[in-house]
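Report on the following structure.
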Amino acid sequence: MTDKKLIKSCKKGDRKAQHALYQANKTYLFGVCMRYGKTRQEAEDILQEGFYRIFKDIGQFSGSVPIRAWMRKVMVNSALMHVRKHHKLELTDIDDYAFEAYGPKDTNLLNEDRAKAIIYLIRQLPPLQQTIFNLRAMEEYSFKEISALLGGNEATLRSHYLRARKALQGLLKQEFI
């Protein structure tokens, strides 16, 4: 079934079409969720919340962008709602955070294992910095867009992002060098 037919069927509430759309995109979108959740279970919760929103709002999909791009945006918004609900995101002075990280100490990791280790390290950041890092570095949102999503001024968000990058660079050096 083509994407257009699949989407049309999903808009009509066809459960088989919804299942097919879910199956075709769950792995890709789970990768997005893994960057926002602190645990695999939390990422699975975000995925389910996101797919609920996708199927609820699919009638709003106009087709002006690829379905996967639209679904990714819905999933990121669902992840942000989840993070706001379950983690305290407080924009405060950047010096208020202490960075402590721990993780696997194996320098002979395969590429797939390295990717998992990097996600693990990103998860060690405080929730606000993890969220800002993901939105900027992974989702390529501008600081203006992040400010609209999270509130707070752009300068504060930039500080958190730069601090997160610096912390991750240090953690990566510890893990892989």
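Under a cut-off of 6.0 angstrom, the local environment of CD in Glu140 is sparse, with at most 12 non-hydrogen atoms contributed by other residues, nucleotides or ligands. At most 12 non-hydrogen atoms from other residues, nucleotides or ligands lie less than 6.0 angstrom from NZ of Lys73.
Ion pairing between a basic and an acidic side chain is recognised when a charged N comes within 4.0 Å of a carboxylate O; Arg53 and Glu49 show no such pairing.
Taken together through direct or relayed side-chain contacts under 4.5 Å among Ile, Leu, Val, Met, Phe, Trp and Tyr, Val74 and Val65 form part of one hydrophobic cluster. Both Ile7 and Tyr28 belong to a single network of hydrophobic side chains, linked directly or stepwise wherever heavy atoms of I, L, V, M, F, W or Y lie under 4.5 Å apart.
Within the 4.5 Å cutoff, no side-chain heavy atoms of Gln48 are placed close to those of Glu44. No side-chain heavy atom of Ile67 sits less than 4.5 Å from a side-chain heavy atom of Leu6. Proximity of Leu135 to Leu80: side-chain heavy atoms (C-beta onward) are separated by under 4.5 Å at one or more points.
In this structure, the separation between NE2 on His82 and CG on Asp45 is 6.0 Å, given to the nearest 0.5 Å. For the atom pair CG (Asp14) and NE2 (His19), the distance works out to 11.5 Å, reported to the nearest 0.5 Å. Atom CG in Leu157 sits 4.5 Å away from atom CD1 in Ile132 (nearest 0.5 Å). Expressed to the nearest 0.5 Å, how far NZ of Lys12 lies from OG of Ser9 amounts to 6.0 Å. Atom CD1 of Ile54 is separated from atom CD of Gln18 by 11.0 Å, given to the nearest 0.5 angstrom. Rounding to the nearest 0.5 angstrom, the gap separating the CG atom in Leu171 from the CD1 atom in Ile122 is 10.5 Å.
In this structure, Ser147 contributes its side chain and Phe143 its backbone to no donor-acceptor pair below 3.5 Å. Remark: side-chain polar atoms of Gln129 are not paired, donor with acceptor, to backbone N or O of Pro126 under 3.5 angstrom. Side chain of Asp57 to main chain of Gln60: no donor-acceptor pair is present (N/O by atom type, distance under 3.5 Å, no hydrogens or angles). Without hydrogens or angle criteria, Arg136 side chain to Leu162 main chain gives no donor-acceptor distance under 3.5 Å.
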Review point. Given Leu149 and Asn77, is the side-chain contact (heavy atoms from CB on, under 4.5 Å) satisfied, shown in steps?
Key: CA-CA 9 Å; Leu149 289 169; Asn77 286 332; 3.9 Å; yes

Check your understanding: Could you walk me through whether Val83 and Gln130 pass the side-chain contact (heavy atoms from CB on, under 4.5 Å) check?
Key -> CA-CA 10 Å; Val83 169; Gln130 176 187 355; over 6 Å; no

Practice item. Apply side-chain contact (heavy atoms from CB on, under 4.5 Å) to Val76 and Met138, showing your working. Key: CA-CA 11 Å; Val76 167; Met138 308 304 267; over 6 Å; no

Practice item. Begin with the C-alpha distance, continue with both residues' side-chain angles, and end with the deciding distance and a verdict on side-chain contact (heavy atoms from CB on, under 4.5 Å) for Phe30 and Met75. Key: CA-CA 9 Å; Phe30 185 68; Met75 197 61 67; over 6 Å; no

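Residues meeting the salt bridge (Lys or Arg N to Asp or Glu O under 4.0 Å) test with Arg68, sequence neighbours left out: none. Listed by chain and residue number, Glu139 satisfy the salt bridge (Lys or Arg N to Asp or Glu O under 4.0 Å) test with Arg72 (two or more places apart in sequence, or in another chain).
The stretch residues 46-72 participates, sequence neighbours left out, in these ring-ring contact (aromatic ring centres under 6.0 Å, His included) pairs: Tyr22-Phe51, Phe51-Phe55, Phe61-Trp70.
Among all heavy-atom pairs drawn from Cys33 and Ile46, the shortest one is SG-CG2, 3.6 Å.
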